[in-house]
Amino acid sequence: MVSTQLNSKQIIAARVAKEMKDGDVVNLGIGLPTMVPSFLPPNVNVILQSENGYIGLGPLDGEVDPDLVNAGGQPASILPGGAFFDSLFSFELIRGGHVDVTVLGGLEVDAEGNLANWMVPGKMIPGMGGAMDLVTGAKKVIVAMEHTAKNGSSKILEECRLPLTGKGVVDLIVTELAVFRVTDEGLVLEELQDGIDLKTVEEKTEASFKISQAILEN
Amino acid sequence: MVSTQLNSKQIIAARVAKEMKDGDVVNLGIGLPTMVPSFLPPNVNVILQSENGYIGLGPLDGEVDPDLVNAGGQPASILPGGAFFDSLFSFELIRGGHVDVTVLGGLEVDAEGNLANWMVPGKMIPGMGGAMDLVTGAKKVIVAMEHTAKNGSSKILEECRLPLTGKGVVDLIVTELAVFRVTDEGLVLEELQDGIDLKTVEEKTEASFKISQAILEN
Amino acid sequence: MDKIISKEEVSSIFKDGMTIMAGGFMGVGTPQGLVSAMLEAEVKDITLIVNDTAFIESGVGPLISNGRVKKVIASHIGTNPETGRQMIAGELDVELVPQGTLAERVRAGGSGLGGVLTPTGVGTVVEEGKEKITVDGREFLLEKPLRAEVALLKAYKADKAGNLIYHRSARNFNPLMALAADLVIVQVEQVVEIGEIDPDEVMTPGILVDKIFVQGGCC
Amino acid sequence: MDKIISKEEVSSIFKDGMTIMAGGFMGVGTPQGLVSAMLEAEVKDITLIVNDTAFIESGVGPLISNGRVKKVIASHIGTNPETGRQMIAGELDVELVPQGTLAERVRAGGSGLGGVLTPTGVGTVVEEGKEKITVDGREFLLEKPLRAEVALLKAYKADKAGNLIYHRSARNFNPLMALAADLVIVQVEQVVEIGEIDPDEVMTPGILVDKIFVQGGCC
């Protein structure tokens with residue numbers, strides 16, 4: 001692979017990819033999360049679940065079938081070994097803990113693992129779709145988002161201000177600056193992304209957090 | 001058809017058959033209820049539901065398939081237009097009101113439409129199987145039973161003494177002596193079977209009942 | 001028991017104020033011909049139960065754009081800006097339901113259950129006005145069943161008894177809505193004779209299907 | 001990720017005191033080879049979740065007859081007199097559950113719901129000790145989810161990814177149990193390569209299946 005400069009989103013997606021184990025069943029939110037598979041090492045194959053009713057989501061491979069779209073409504077394919085089912089069964093899988101990892105974007109995350117990513121009061125409300133079920137049911141919930149909003153304010157807060165998508169549901173937060181784990185004692189800074197120093201993270205993070213032993217020893 | 005003397009069970013089954021409408025989805029209990037289809041007129045076709053997972057239950061038509069049995073575990077067939085499903089869906093159909101008529105035997109029925117037919121304290125308890133769901137969910141519940149127990153005591157009581165299968169669930173009681181409808185004001189004697197007089201029914205029925213206009217006028 | 005129906009007969013079914021369910025996910029698996037028949041019926045004040053309101057000109061979107069709908073129960077309305085505009089203007093009542101909960105509520109309505117006990121939405125605005133039930137120390141929302149007067153389904157193939165087979169991701173909400181309405185109408189691409197579908201491959205049994213509308217005319 | 005397993009490997013999975021689910025209706029759809037592997041494991045104090053206890057010498061019956069079971073949760077035990085005898089003798093704890101409720105409880109356990117609100121059993125002994133919830137004026141029983149450590153399934157065909165197809169009335173409880181156990185083992189009549197089963201015809205997706213035991217040996 002030719003080493004190239006990654007942009008923020010790519011840095012995030014590449015780090016999220018390291019959380020995946022071979023054979024994991026994964027549901028990816030729309031946008032940034034869909035970039036994750038391209039950063040998986042060759043020996044790690046994940047199985048993608050599409051909330052609209054199948055296992056084995058693949059990229060469009062030429063022919064468009066109007067009856068086969070991904071959860072964003074875009075033409076897609078199904079890989080060998082995949083299976084179709086109805087929406088009820090799709091969410092039995094999701095709510096029932098049969099999805100190993102879900103990766104979603106976030107507007108706000110807080111120290112208690114609360115996530116807000118579905119509405120901003122006063123703005124057009126798209127609806128929560130399957131996000132509330134996903135964060136409630138998936139075994140591991142990873143929020144993949146840029147560290148700060150466009151105005152520079154922290155998206156990692158002491159307490160979410162926006163309406164929640166899920167309460168106490170987030171396991172891991174991956175940004176272009178750092179990786180935080182949500183624990184019973186609040187946030188723990190697990191890793192700094194390449195070239196990022198602790199001071200930068202402290203300045204750009206509203207929530208208080210502990211620092212992992214690994215970083216302290218570094 | 002050659003006119004022959006029918007026995008008690010045949011009289012009951014023949015009368016129950018008259019309750020069926022063409023196209024009805026019907027679930028039949030084990031024993032006497034399974035005799036009903038042979039008394040249907042040629043222009044009335046019912047669709048039999050088998051609680052163990054299909055629509056279109058038919059009689060064994062030669063070849064035994066160990067994977068195809070009726071709710072009594074006996075070899076059976078599926079008719080053209082039938083469909084298999086799992087036990088969950090089978091009881092979605094049953095509980096959800098998608099079965100038009102169920103016909104079950106009874107140990108006791110009472111004036112409030114309570115039915116007892118699944119256990120006798122002190123005796124071996126077979127279990128309720130699907131009976132409780134059937135009487136709760138089917139649109140019309142017909143109890144098809146002999147009027148009296150072997151010792152001659154009435155099976156149609158003021159109040160059931162045995163543990164109930166369902167509370168207030170019975171619509172119609174068909175015996176070899178009479179037909180009763182369960183109404184909000186208690187039992188109504190709707191019909192006397194051929195050759196049976198009112199006095200016989202009154203003597204053999206513990207429950208009080210009203211007598212339909214049709215019988216009074218006769 | 002002929003279940004096959006023309007577009008005009010479909011149109012005649014709809015009445016003002018009806019509650020209608022329709023299958024589909026962003027229009028995929030939505031019976032576009034039945035939606036069109038409903039538009040032609042010129043009915044109003046419809047309550048619509050759908051996963052999403054699709055797009056302004058496709059899926060169930062045209063019912064919204066043409067002002068036929070009084071209330072929408074859906075998990076997502078973001079792809080149809082007309083839904084959002086009417087909601088903000090106070091012309092349309094929108095009840096947003098998490099997608100898995102929507103599926104469960106339709107199933108509860110179709111299968112005789114009293115409601116659903118789901119963890120989804122606990123601690124969010126979704127719990128507002130709802131009873132919370134604690135089971136073994138964990139809180140669940142009691143979400144109520146949904147039913148409709150008419151369900152509009154899309155399947156790939158039917159036999160004349162109404163047994164259905166769906167195709168790929170066009171299945172979505174269709175099989176569950178088949179149980180949850182007083183009248184079930186399906187739009188299919190093809191109809192085959194009874195006996196031509198293997199009973200093991202049926203996805204919705206014909207006893208649930210009242211009327212079959214064949215895309216592009218039948219037989 | 002080879003899921004195919006030998007009978008000896010199956011045997012090694014079982015431990016004393018485990019909770020086991022098995023598909024089948026009077027033995028039809030019961031994985032007889034897995035039951036036999038379990039018998040060979042010589043385990044005891046098993047809690048068994050099944051529709052029925054089948055017959056003394058077939059279905060899950062031999063587990064009862066051989067004294068391996070401490071508790072049975074089932075809708076019907078009448079075809080196996082040994083179940084009744086052990087129950088009356090106080091050797092076996094039997095929890096009888098209406099069949100539809102049993103199916104719903106297994107589904108709730110497999111799909112993350114807090115329980116089931118069913119009208120079935122209201123006003124009968126089935127309601128004893130259970131919470132009653134009133135929804136819009138009607139009473140329902142709150143029936144709790146069921147899960148197991150191991151589910152034993154029988155399917156007709158699997159691909160090597162574990163995608164399953166069941167055959168006729170042997171489907172019964174198998175598809176729902178596939179979601180409700182920590183470890184899911186299926187006995188199949190044949191295994192095919194990945195890609196040989198049409199994704200529209202899969203009845204249980206392979207992600208739910210951990211181990212495949214091929215009747216009469218594999219491949």
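Labels below follow one simple rule: chain letters A, B, ... track the order of the sequence lines, proteins then strands, and each chain is numbered from 1. The shown structure was predicted, so the numbers you read here are calculated from the model rather than taken from an experiment.
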>> For the interface with chain D, which of B:M119, B:M128, B:K167 has the highest count of heavy-atom pairs at distances below 4.5 Å?
In response: B:M128
> Which of the residues B:G82, B:G127, B:G168 is involved in the greatest number of heavy-atom pairs with chain D at under 4.5 angstrom?
Replying inline: B:G127
> Heavy-atom count around B:D184 CG within 6.0 Å, excluding the residue itself: above 12?
Replying inline: no
>> Tell me if the NZ atom of B:K140 is crowded by more than 12 foreign heavy atoms within 6.0 Å.
In response: yes
>> Between B:G53, B:G129, B:G166, who has the most heavy-atom pairs with chain D when the cutoff is under 4.5 Å?
In response: B:G129
> If we only count heavy atoms from C-beta on, is the B:N70 to D:M26 side-chain gap below 4.5 Å?
Replying inline: no
> When rounded to the nearest 0.5 angstrom, what is the spacing between CE in B:M132 and OG1 in D:T118?
Replying inline: 11.0 Å
> Should the heavy atoms of other residues, nucleotides or ligands under 6.0 Å from CD of B:E159 be counted, would the total exceed 12?
Replying inline: no
>> Is it the case that atom CD in B:E202 sees more than 12 heavy atoms from other parts of the structure closer than 6.0 Å?
In response: yes
>> Looking at every heavy atom in both B:W118 and D:L96, which two are closest together, and how far apart are they?
In response: CZ3-CD1, 4.0 Å
> Rounded to the nearest 0.5 Å, how far apart are CG of B:L115 and OG1 of D:T124?
Replying inline: 11.0 Å
> Short question: side chain of D:S169, backbone of B:V69 - any donor-acceptor pair under 3.5 Å?
Replying inline: yes
> What are the two closest heavy atoms between B:S87 and D:F173, and how far apart are they?
Replying inline: OG-CD1, 3.1 Å
>> Please give me the minimum heavy-atom distance between D:P119 and B:R95, naming the atom from each residue.
In response: CD-CD, 3.8 Å
>> Around atom CZ of B:F39, are there more than 12 heavy atoms from other residues, nucleotides or ligands closer than 6.0 Å?
In response: yes
>> Counting only non-hydrogen atoms closer than 4.5 Å, does D:I88 touch chain B with its backbone (N, CA, C, O), its side chain (CB onward), both, or neither?
In response: side chain
> Would you say B:D86's side chain and D:R171's backbone share a donor-acceptor pair under 3.5 angstrom?
Replying inline: no
> Among D:K154, D:R85, D:E104, D:R107, who wins on heavy-atom pairs under 4.5 Å with chain B?
Replying inline: D:E104
>> Rounded to the nearest 0.5 Å, what separates atom CG in B:D65 from atom CZ in D:R168?
In response: 5.0 Å
> Could you state the interatomic distance from CG (D:N172) to CG (B:L88), rounded to the nearest 0.5 Å?
Replying inline: 12.0 Å
>> So which residue, D:A103, D:G84, D:P98, ends up with the most heavy-atom pairs under 4.5 Å with chain B?
In response: D:P98
>> At a 4.5 Å cut-off on heavy atoms, which part of D:V106 comes close to chain B: side chain, backbone, both, or neither?
In response: neither
> Is any side-chain heavy atom of D:H167 less than 4.5 Å from a side-chain heavy atom of B:F84?
Replying inline: no
> Hey, which of D:V97, D:T53, D:N80 has the most heavy atom pairs under 4.5 Å with chain B?
Replying inline: D:V97
>> Need one label for D:T101: side chain, backbone, both or neither, based on atoms under 4.5 Å from any heavy atom in chain B.
In response: both
>> If I measure from the heavy atoms of chain D, does B:S50 come under 4.5 Å with its side chain, its backbone, both, or neither?
In response: neither
>> Between B:L134 and chain D, with a heavy-atom cut-off of 4.5 Å, which part of the residue counts as in contact: side chain, backbone, both or neither?
In response: neither
> So which of D:P81, D:G78, D:S75 has the largest heavy-atom pair count under 4.5 angstrom toward chain B?
Replying inline: D:S75
> Is the count of non-hydrogen atoms from other residues, nucleotides or ligands lying under 6.0 Å from B:E203 atom CD greater than 12?
Replying inline: yes
> Between B:S90, B:A71, B:A131, B:P163, which has the largest tally of heavy atom pairs under 4.5 Å with chain D?
Replying inline: B:A71
> How long is the span from the NE2 atom in D:H76 to the CD1 atom in B:I125, to the nearest 0.5 Å?
Replying inline: 11.5 Å
>> Does B:E112 have more than 12 heavy atoms from other residues, nucleotides or ligands lying within 6.0 Å of its CD?
In response: no
> What distance separates B:N52 CG from D:Q99 CD, expressed to the nearest 0.5 Å?
Replying inline: 7.5 Å
